Amino acid sequence: MGEELEFVAIPVPDYVAFDVETTGFSPDDDRIIEVAFVRFENGVPVERFSSLVRPDREVGLKILRLTGISREELADSPDIGSIVGQIEQFRGGLPLVGHNPEFDVSFLSRVIPGFPGVPVYDTLELARIVYPGLKSFKLGDLASELGIPLCDAHRACDDAEATGLIFAAIQERVLAISKAVREKIIRIMGADWVSRSVFQVQESPGPQLLLFIEPSSAGSLPGDVKPLPAETCLDRVEEACLDWVADLLQGQRGHTFVDFPLEGLTPAKVAKSLSAHPGPVVLAADLAADMDTGSAASQGMSFLSVPRDYLCLLKADMVEDLTRGGHLDHLDVESKRFLSTITVWRSITQNGMFREIQVVGKGHTLSRELSCLGFPDCQEFCPYLERCFYRKALNAALASRLIVVPKEHCLDVPGELNASGCVLLGFDELGTIWERRQPRLDLERLRSVLEGLGCTGLAEQVERLIFKGLDALGSNHDMVVPEDLVAALASLHREIRLVLPELSQALKHSLGTCSQLQAAPPVLGADLRRLEYWADQMEGILAQDNTSVCLLERGYGDARGVISRKHVWPAIHGKISLVERFGNVVLVSPNASFVSRFEGLRRLYGFEPGDRVHHVDHPVTHAQAGTGPLLVSIDKGHRLSYSEHLELTGDFIKQLALATSENILCLCPSYSYIRSLAGQISEFLESNQIAVFAQGVDGGARVLEHLGEPGTLVLARFGVDILGNTQVLPRILVIPRIPFLPPNTMADIRQREISSLGKSGFVEISVMPVVLALRAYMEDLSRAVGNIAVFLLDPKLLPGQSGWGSEFMAQFHDVASMVCPQQIGIAQALRWIRSGNSCLLYTS
Ligand code: SF4
């Protein structure tokens, strides 16, 4: 018989989990409408206290919908002041547990004097550390992953109980983490970290029985093998396309654009079609992110990303040395959390790819610091060479027939792979991929790095450069950099190059006990490496060539001036670079034939004179899917001001929303437009029991998830990925204005070049990309739901208008259309949808 198993108590067995529901996000302006506290003993819920709370102001429809609480219920409830005593008595002196409790504490501390007065554990923070591979840490998603029931999400009592159970699961998970890893986390997070007691486990001498709840969705854990999409019966056309791609790769050197929808071309299918191809072939695709080396290897495939996507084991160890020496105590809490997550993740990851870690993964600034960026130079001295994640991926790629790479890294494939061909799925992004590799300097970030390194004089020089740049820009968003600014940048670059060795020397000197580490160790040397990076960027910007321009932009967010070098036709450079690397290149996209008809689009997408375009006939087109514009016009005249048009749009949307229960998605040209439109229609629609969810106001692209809810209208930005963001797709699209980009220098330069050929620069550079995007939306939706209606409300599209409007509509000649008064248009559209047809509707 085995040894006797013994139960190990969780470190914090008794606690009170809590949650509040509120009228909104602002503790100043919003109010509590429900509170709940659930007492746990030994990680088990034993008693609950909850109460609805009568707020002293109106509650919006969206909150009532979200919580399922009615106005009548709230009116019959006590006010918060009258239940404070009960709350205090219930929770006693036990520690509190919340999911992102800062929010709840900010509300409760306004109404309960001295709240919280006890330690408050955060299950969001703890889950991010101990479950580093989960896709989402929202309460509902986390509960579902851990197999914890959450019957009524967004009701305080259910949320509080689920939070308490998650806290128990987290503690059990901690018990399964090795003592060494727990100690590292405590060291990283520091002595004043409230949750350190969760990691201070009383060690038991004997064998242990752990109550360990694993996430139910094992596939989402890092390192688990994800099956590739199941091989289904290949569509005949798709098969023909793949055969053709294989033939192309066998043929002569060069490149070919192929016109084909992308969703069928999975790596597995492409690999099958290339089975007879002798040399390794690179497949660059979005799908690559979901691949796993384990499952791919059996099919002769491997997955390879760039070194900065993999964890460097040597650097991870160096960080541990630094924490032991107390050198990282000064880090901000977000960075400490990231390092703690890495510590746990390192012990379970198979691939070492940062993108495995949700939220804190690839995007965190320190991921670069802990990555394999030093490869291959570091191989000479690395004690972990055999285990190096990047090296393992590289070796697997060298032995593979098909190497799948993330599309954005198709130009970074190392030469030693000797790939003899490349298939790029979705060539539309080639220009963006090329542009991302071009030198770019954010002046404000450079200034802040210099300041952080104590280079005050140089930081002041950058500040002067910023002022000069902003002055030159005036009210413009961007411009070609004036000569005197280029000269100032060159002088600054020289001085930074001079100061870099001194800074490196000073850092090494300051480390004392850590001086056995390399000159600029991970994390501590981050600013120095950033400065080296910016210096390299400056060098690239200053190196001129006649196919690019040096551009100064205002920048977004905290940026106060960004200087970059941009190619006028970047996709052409990207394509040439691909051909130089791989010889045979096949560029696939659903848009090749359309793009090839316009000089501006050809250049934007990398086509050159003489390029081959192969059109593969496929069954799903607008006409075959039954999609067609039905143009609806209202007699309001064409000369509308911005505010008149906004008002008209608002009126139209109100009528449309009242007339149908269909999912309606309004795709707007900008966030400011969304805010204005939401302000105009929300109150009216809410009073009619229709909730308006607006992107940028009520959340990011996830507002699309509300599309499936009855009585809901969603406003989002044109360009948002519908298919990837919602399960329920809209059958009605409303497009208030054609979403052109604001005037910008690069578009002007491109338009001038096209106009000099006697064509309309504006139509080919600004209008046609919108046509492409709209057609893509229509095709995707038609394929998915079969019957859709699209309202175009831009008056410039009305028949009889000159210029780009008629060119725009001419590109929808294969789609039925209709122009008619507003009410008739709505009725016609709904009939059209109900009859199973699809249409494009037009109104002004
Ligand atoms: S070989 Fe280089 S990248 Fe790989 S673990 Fe070692 S030091 Fe890091």
Side-chain angles (χ1 to χ4, degrees), residues 132-133 178 180-181 184 188 222-223 288-289 291-294 297 302-325 327-328 335 338-357 360-400 403 405-406 408-409 411-417 504 507-508 511 514-530 532-533 536:
S178 74
V181 171
K184 281 178 201 166
I188 292 168
M291 281 194 63
D292 179 275
T293 46
S302 67
F303 173 71
L304 182 68
S305 193
V306 285
R308 69 169 177 274
D309 281 351
Y310 295 85
L311 173 73
C312 166
L313 291 167
L314 182 62
K315 289 181 186 170
D317 263 10
M318 285 178 175
V319 165
E320 280 163 21
D321 279 353
L322 292 171
T323 54
R324 217 169 275 125
H327 294 285
L328 300 184
S335 299
F338 172 71
L339 294 177
S340 298
T341 304
I342 291 285
T343 306
V344 176
W345 171 66
R346 180 189 166 175
S347 65
I348 53 176
T349 177
Q350 301 292 309
N351 297 325
M353 285 202 62
F354 284 110
R355 68 179 64 209
E356 287 178 335
I357 322 176
V360 291
K362 200 178 170 210
H364 197 282
T365 50
L366 288 186
S367 65
R368 200 179 170 88
E369 281 296 290
L370 295 182
S371 72
C372 293
L373 260 180
F375 202 90
D377 301 344
C378 52
Q379 292 180 96
E380 285 173 25
F381 56 81
C382 177
Y384 302 118
L385 188 57
E386 290 307 310
R387 287 161 50 203
C388 173
F389 289 117
Y390 179 68
R391 186 170 178 265
K392 280 200 277 189
L394 196 57
N395 285 343
L398 281 165
S400 300
I403 303 147
V405 302
E408 70 267 26
H409 297 319
L411 297 171
D412 300 308
V413 176
E416 64 205 275
L417 292 182
S504 179
L507 175 65
K508 193 175 178 190
L511 284 178
C514 273
S515 58
Q516 75 276 16
L517 298 171
Q518 63 190 50
V523 184
L524 277 186
D527 273 351
L528 200 51
R529 264 182 294 279
R530 275 184 208 122
E532 277 166 0
Y533 171 79
D536 289 346

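Numbering of ligands and ligand atoms starts at 1, following listing order. Starting from 1, each residue takes its place in the sequence as its number. Since we're looking at a predicted model, the values are computed, not measured.
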Output yes when a side-chain donor or acceptor of R324 lies under 3.5 Å from a complementary backbone atom of K184, and no otherwise.
no
Counting backbone and side-chain atoms alike, does C378 have an N/O/S atom under 2.8 Å from atom 4 (Fe) of ligand 1?
no
Determine the minimum heavy-atom distance between P522 and M318, stating which atoms define it.
CD-SD, 3.5 Å
L385 heavy atoms, cut-off 4.0 Å: which ligand 1 atoms fall inside?
1 (S)
Find all atoms of ligand 1 within a distance of less than 4.0 Å from any non-hydrogen atom belonging to C372, and give their numbers and elements.
3 (S)
If you scan protein heavy atoms around atom 5 (S) of ligand 1, the nearest is L313 N, 3.6 Å
Atom 4 (Fe) of ligand 1: closest protein heavy atom, distance to 0.1 Å, is C388 SG, 2.3 Å
Measuring only between side-chain heavy atoms, which start at C-beta, is I357 closer than 4.5 Å to H364?
no
Between R530 and D527, is any pair of side-chain heavy atoms under 4.5 Å apart?
yes
The closest protein heavy-atom partner of atom 6 (Fe) of ligand 1 is C382 SG, 2.2 Å
Would you please indicate if the ring centroids of W345 and F338 are separated by under 6.0 Å?
no
Residue, atom name and distance, where the atom is the protein heavy atom closest to atom 8 (Fe) of ligand 1
C312 SG, 2.3 Å
Check: I342 and L366 side chains under 4.5 Å, non-hydrogen atoms
no
